[in-house]
Amino acid sequence: MKYFYSRKQLLKNSSIMQIIIFGAPGVGKGTQAKIISLKYGIPHISTGDILREAVAKKTELGLLAKEAIDCGDLVSDDLMGGLLKESFENIDSKKGFILDGFPRTIAQAEILIVVFENLGIKKPHFIILTTKANILVERLTSRRLCTKCNTISNLSDIFDENRCPSCGTENTLIKRKDDQKDVILNRLNVYRETTKPIIEHCKASIDMIFIDATANIDVVQKEISIALNN
Ligand code: AMP
(Lines give C-alpha, C1' and ligand atoms only; values in the text may rest on other atoms or scores of the structure.)
Protein backbone atom coordinates (compact mmCIF):
# COMPACT_ATOMS: atom_id res chain seq x y z
CA MET A 1 0.00 0.00 0.00
CA LYS A 2 1.26 3.50 -0.83
CA TYR A 3 0.77 6.35 1.61
CA PHE A 4 0.73 9.43 -0.60
CA TYR A 5 -2.40 11.54 -0.60
CA SER A 6 -3.59 14.17 -3.04
CA ARG A 7 -4.95 17.54 -1.84
CA LYS A 8 -8.45 16.30 -2.79
CA GLN A 9 -8.05 13.13 -0.73
CA LEU A 10 -6.74 15.15 2.23
CA LEU A 11 -9.82 17.39 2.06
CA LYS A 12 -12.04 14.29 1.94
CA ASN A 13 -10.34 13.06 5.11
CA SER A 14 -10.72 16.39 6.77
CA SER A 15 -13.04 15.86 9.75
CA ILE A 16 -10.97 17.04 12.72
CA MET A 17 -8.51 14.37 13.76
CA GLN A 18 -7.26 14.94 17.28
CA ILE A 19 -5.67 11.62 18.11
CA ILE A 20 -3.59 10.09 20.88
CA ILE A 21 -1.95 6.80 19.93
CA PHE A 22 -1.05 4.63 22.90
CA GLY A 23 0.46 1.21 23.55
CA ALA A 24 3.56 -0.74 24.51
CA PRO A 25 6.98 -0.15 22.93
CA GLY A 26 7.16 -2.05 19.64
CA VAL A 27 3.42 -2.25 19.08
CA GLY A 28 3.68 0.03 16.03
CA LYS A 29 2.56 3.43 17.35
CA GLY A 30 5.20 5.39 15.45
CA THR A 31 4.64 3.54 12.18
CA GLN A 32 0.87 3.97 12.30
CA ALA A 33 1.14 7.57 13.49
CA LYS A 34 3.34 8.51 10.51
CA ILE A 35 0.80 7.03 8.08
CA ILE A 36 -2.12 8.78 9.81
CA SER A 37 -0.19 12.05 9.81
CA LEU A 38 0.23 11.83 6.02
CA LYS A 39 -3.28 10.59 5.39
CA TYR A 40 -5.02 13.42 7.26
CA GLY A 41 -2.34 16.07 6.76
CA ILE A 42 -1.94 16.54 10.51
CA PRO A 43 1.26 17.02 12.55
CA HIS A 44 2.78 13.97 14.22
CA ILE A 45 4.03 14.82 17.70
CA SER A 46 6.33 12.00 18.77
CA THR A 47 7.93 12.64 22.15
CA GLY A 48 10.48 9.88 21.45
CA ASP A 49 11.51 11.52 18.13
CA ILE A 50 11.75 14.96 19.78
CA LEU A 51 13.95 13.54 22.55
CA ARG A 52 16.19 11.61 20.12
CA GLU A 53 16.70 14.76 18.06
CA ALA A 54 17.57 16.69 21.24
CA VAL A 55 20.08 13.98 22.20
CA ALA A 56 21.64 14.05 18.72
CA LYS A 57 21.94 17.85 18.83
CA LYS A 58 23.24 17.72 22.42
CA THR A 59 20.76 20.37 23.57
CA GLU A 60 20.13 20.89 27.29
CA LEU A 61 17.02 18.69 27.05
CA GLY A 62 19.01 16.03 25.18
CA LEU A 63 21.75 15.96 27.80
CA LEU A 64 19.19 15.62 30.59
CA ALA A 65 17.21 12.89 28.77
CA LYS A 66 20.02 10.74 27.31
CA GLU A 67 20.70 8.46 30.25
CA ALA A 68 17.02 7.59 30.81
CA ILE A 69 16.49 6.87 27.10
CA ASP A 70 19.60 4.70 26.81
CA CYS A 71 18.55 2.42 29.64
CA GLY A 72 14.84 2.36 28.80
CA ASP A 73 13.65 4.42 31.77
CA LEU A 74 11.29 7.36 31.56
CA VAL A 75 12.39 10.97 31.33
CA SER A 76 10.98 13.05 34.25
CA ASP A 77 7.38 14.24 34.16
CA ASP A 78 8.57 17.83 34.67
CA LEU A 79 10.70 17.80 31.53
CA MET A 80 8.07 15.93 29.52
CA GLY A 81 5.26 18.25 30.65
CA GLY A 82 7.29 21.23 29.42
CA LEU A 83 8.07 19.50 26.15
CA LEU A 84 4.40 18.66 25.59
CA LYS A 85 3.21 22.22 26.23
CA GLU A 86 5.85 23.59 23.88
CA SER A 87 4.87 21.10 21.16
CA PHE A 88 1.24 22.21 21.33
CA GLU A 89 2.27 25.87 21.19
CA ASN A 90 3.92 25.15 17.85
CA ILE A 91 0.87 23.68 16.11
CA ASP A 92 -2.73 24.65 15.47
CA SER A 93 -4.33 21.82 17.42
CA LYS A 94 -7.82 22.78 16.16
CA LYS A 95 -6.74 21.50 12.74
CA GLY A 96 -5.81 18.11 14.20
CA PHE A 97 -2.74 16.24 15.38
CA ILE A 98 -1.57 12.79 16.35
CA LEU A 99 0.24 12.50 19.67
CA ASP A 100 2.55 9.49 20.03
CA GLY A 101 4.53 8.60 23.18
CA PHE A 102 2.62 10.77 25.66
CA PRO A 103 1.24 10.21 28.28
CA ARG A 104 3.46 7.56 29.85
CA THR A 105 2.60 8.13 33.52
CA ILE A 106 -0.59 8.99 35.36
CA ALA A 107 0.94 12.40 36.21
CA GLN A 108 1.47 13.00 32.46
CA ALA A 109 -2.14 11.98 31.76
CA GLU A 110 -3.25 14.64 34.24
CA ILE A 111 -0.99 17.23 32.53
CA LEU A 112 -2.50 16.28 29.18
CA ILE A 113 -6.05 16.68 30.46
CA VAL A 114 -5.24 20.24 31.60
CA VAL A 115 -3.46 21.12 28.33
CA PHE A 116 -6.43 19.82 26.32
CA GLU A 117 -8.90 21.72 28.52
CA ASN A 118 -6.96 24.95 27.96
CA LEU A 119 -6.91 24.35 24.20
CA GLY A 120 -10.62 23.45 24.04
CA ILE A 121 -9.90 19.90 22.87
CA LYS A 122 -12.98 18.05 24.05
CA LYS A 123 -13.17 14.59 22.51
CA PRO A 124 -9.81 13.36 21.25
CA HIS A 125 -9.62 9.84 19.78
CA PHE A 126 -7.62 7.68 22.19
CA ILE A 127 -6.37 4.70 20.19
CA ILE A 128 -4.77 1.85 22.11
CA LEU A 129 -2.77 -0.66 20.08
CA THR A 130 -2.33 -4.09 21.66
CA THR A 131 -0.46 -7.31 20.98
CA LYS A 132 1.29 -10.12 22.88
CA ALA A 133 4.57 -9.55 24.75
CA ASN A 134 6.54 -12.08 22.66
CA ILE A 135 5.57 -10.21 19.48
CA LEU A 136 6.71 -6.91 21.00
CA VAL A 137 10.12 -8.40 21.87
CA GLU A 138 10.45 -9.92 18.41
CA ARG A 139 9.55 -6.62 16.68
CA LEU A 140 11.85 -4.50 18.84
CA THR A 141 14.87 -6.79 18.42
CA SER A 142 14.48 -6.96 14.66
CA ARG A 143 13.83 -3.31 13.87
CA ARG A 144 16.19 -0.77 12.37
CA LEU A 145 16.04 3.03 12.27
CA CYS A 146 17.04 5.06 9.22
CA THR A 147 19.04 8.05 10.46
CA LYS A 148 18.18 9.93 7.24
CA CYS A 149 14.37 9.64 6.97
CA ASN A 150 13.62 8.46 10.52
CA THR A 151 11.61 5.46 9.28
CA ILE A 152 11.59 2.32 11.38
CA SER A 153 11.80 -0.91 9.34
CA ASN A 154 11.69 -4.54 10.34
CA LEU A 155 14.55 -6.79 9.23
CA SER A 156 12.02 -8.93 7.34
CA ASP A 157 11.28 -5.93 5.06
CA ILE A 158 14.92 -5.01 4.50
CA PHE A 159 16.25 -6.71 1.36
CA ASP A 160 19.62 -4.98 1.33
CA GLU A 161 20.86 -4.41 4.87
CA ASN A 162 22.93 -1.40 3.72
CA ARG A 163 19.95 0.43 2.22
CA CYS A 164 16.87 1.97 3.85
CA PRO A 165 13.79 0.35 2.22
CA SER A 166 11.86 3.59 2.67
CA CYS A 167 14.13 6.37 1.32
CA GLY A 168 16.71 4.18 -0.44
CA THR A 169 19.72 5.85 1.19
CA GLU A 170 22.79 3.67 1.76
CA ASN A 171 24.45 3.04 5.14
CA THR A 172 21.85 4.85 7.26
CA LEU A 173 20.23 1.88 9.02
CA ILE A 174 21.09 1.52 12.69
CA LYS A 175 19.82 -0.47 15.64
CA ARG A 176 18.57 1.98 18.29
CA LYS A 177 20.57 1.76 21.50
CA ASP A 178 17.35 1.15 23.40
CA ASP A 179 16.47 -1.79 21.12
CA GLN A 180 19.11 -4.01 22.78
CA LYS A 181 17.57 -7.02 24.54
CA ASP A 182 18.15 -5.95 28.19
CA VAL A 183 16.90 -2.42 27.51
CA ILE A 184 13.84 -3.79 25.69
CA LEU A 185 12.91 -5.90 28.71
CA ASN A 186 13.20 -2.83 30.96
CA ARG A 187 11.06 -0.73 28.59
CA LEU A 188 8.34 -3.39 28.56
CA ASN A 189 8.46 -3.58 32.34
CA VAL A 190 8.16 0.22 32.64
CA TYR A 191 5.18 0.08 30.27
CA ARG A 192 3.45 -2.63 32.33
CA GLU A 193 4.05 -0.98 35.70
CA THR A 194 3.83 2.74 34.96
CA THR A 195 2.21 3.43 31.60
CA LYS A 196 -0.50 0.78 31.20
CA PRO A 197 -2.29 1.79 34.46
CA ILE A 198 -3.23 5.04 32.65
CA ILE A 199 -5.92 3.01 30.85
CA GLU A 200 -7.66 2.07 34.10
CA HIS A 201 -7.13 5.57 35.51
CA CYS A 202 -8.67 7.39 32.53
CA LYS A 203 -11.23 4.96 31.18
CA ALA A 204 -14.19 6.62 32.91
CA SER A 205 -13.39 10.04 31.46
CA ILE A 206 -12.23 9.24 27.92
CA ASP A 207 -13.53 6.96 25.14
CA MET A 208 -10.88 4.42 24.24
CA ILE A 209 -10.56 2.52 20.99
CA PHE A 210 -8.70 -0.79 21.35
CA ILE A 211 -7.10 -2.18 18.19
CA ASP A 212 -5.35 -5.51 17.87
CA ALA A 213 -2.02 -4.60 16.27
CA THR A 214 -0.77 -8.15 15.75
CA ALA A 215 -1.45 -8.16 12.00
CA ASN A 216 0.66 -6.37 9.38
CA ILE A 217 0.91 -2.58 8.97
CA ASP A 218 -1.76 -2.31 6.24
CA VAL A 219 -4.33 -4.39 8.11
CA VAL A 220 -3.83 -2.42 11.33
CA GLN A 221 -4.04 0.85 9.39
CA LYS A 222 -7.37 -0.25 7.91
CA GLU A 223 -8.72 -1.12 11.36
CA ILE A 224 -7.71 2.33 12.62
CA SER A 225 -9.39 4.04 9.65
CA ILE A 226 -12.60 2.12 10.31
CA ALA A 227 -12.48 3.04 13.99
CA LEU A 228 -11.97 6.71 13.08
CA ASN A 229 -14.87 6.50 10.62
CA ASN A 230 -12.68 7.55 7.71
P1 AMP B 1 9.69 6.04 22.04
O2 AMP B 1 10.38 6.37 20.77
O3 AMP B 1 8.31 6.63 22.16
O4 AMP B 1 9.71 4.56 22.34
O5 AMP B 1 10.54 6.75 23.22
C6 AMP B 1 11.90 6.45 23.43
C7 AMP B 1 12.30 6.81 24.83
O8 AMP B 1 12.11 8.22 25.05
C9 AMP B 1 11.50 6.15 25.95
O10 AMP B 1 11.95 4.84 26.24
C11 AMP B 1 11.72 7.12 27.09
O12 AMP B 1 13.02 6.97 27.65
C13 AMP B 1 11.69 8.46 26.39
N14 AMP B 1 10.31 9.01 26.33
C15 AMP B 1 9.55 9.23 25.23
N16 AMP B 1 8.37 9.76 25.56
C17 AMP B 1 8.37 9.87 26.91
C18 AMP B 1 7.41 10.34 27.87
N19 AMP B 1 6.21 10.77 27.50
N20 AMP B 1 7.77 10.32 29.18
C21 AMP B 1 8.99 9.89 29.57
N22 AMP B 1 9.91 9.42 28.74
C23 AMP B 1 9.63 9.41 27.40
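Start at 1 and go down the list; that is how both ligands and their atoms are numbered.
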Q.
Can a side-chain donor-acceptor contact be found between N162 and E170 if the only test is distance below 3.5 angstrom?
A. no

**Q.** Side-chain ion pair, R144 and D157, N-O less than 4.0 Å
**A.** no

Q | Atoms in ligand 1 flagged as close to Q108, the criterion being non-hydrogen separation under 4.0 Å | A | 18 (C), 19 (N), 20 (N), 21 (C)

Q | Numbered atoms and elements of ligand 1 in range of T47, under 4.0 angstrom, heavy atoms | A | 15 (C), 16 (N), 17 (C), 19 (N)

Q. Less than 3.5 Å between some nitrogen or oxygen of D73 and one of ligand 1, yes or no?
A. yes

Q | Shortest heavy-atom approach to atom 18 (C) of ligand 1 - which of R104, E67, R187, R176 | A | R104

Q.
Any carboxylate oxygen within less than 4.0 angstrom of a Lys/Arg side-chain nitrogen, looking at R176 and D178?
A. yes

Q. Which of the atoms of ligand 1 are close to I69, meaning less than 4.0 Å from one of its heavy atoms?
A. 8 (O), 12 (O)

Q: Could you tell me whether K29 and D100 have a side-chain N and a carboxylate O separated by less than 4.0 Å?
A: no

Q. Looking only at distance, does V75 have an N or O less than 3.5 Å from an N or O of ligand 1?
A. yes

Q | For atom 19 (N) of ligand 1, the option (of G72, G101, S76) bearing the nearest heavy atom | A | G101

Q.
Below 4.0 Å, non-hydrogen atoms only: which portion of L51 touches ligand 1? Side chain, backbone, both or neither.
A. side chain

(Q) Return the closest protein heavy atom for atom 6 (C) of ligand 1 as residue, atom name and distance. (A) R52 NH1, 3.4 Å

(Q) Testing T59, L79, D78 one by one against L64 for a side-chain contact (heavy atoms from CB on, under 4.5 Å), which residue passes? (A) L79

Q.
I'd like to know if the side chain of T141 pairs up with that of K175 as donor and acceptor (distance under 3.5 Å, no hydrogens or angles considered).
A. no

Q.
Is K29 close enough to touch ligand 1? Criterion: a residue heavy atom under 4.0 Å from a ligand atom.
A. no

Q) Do N154 and S142 have a side chain donor and acceptor closer than 3.5 Å? A) yes

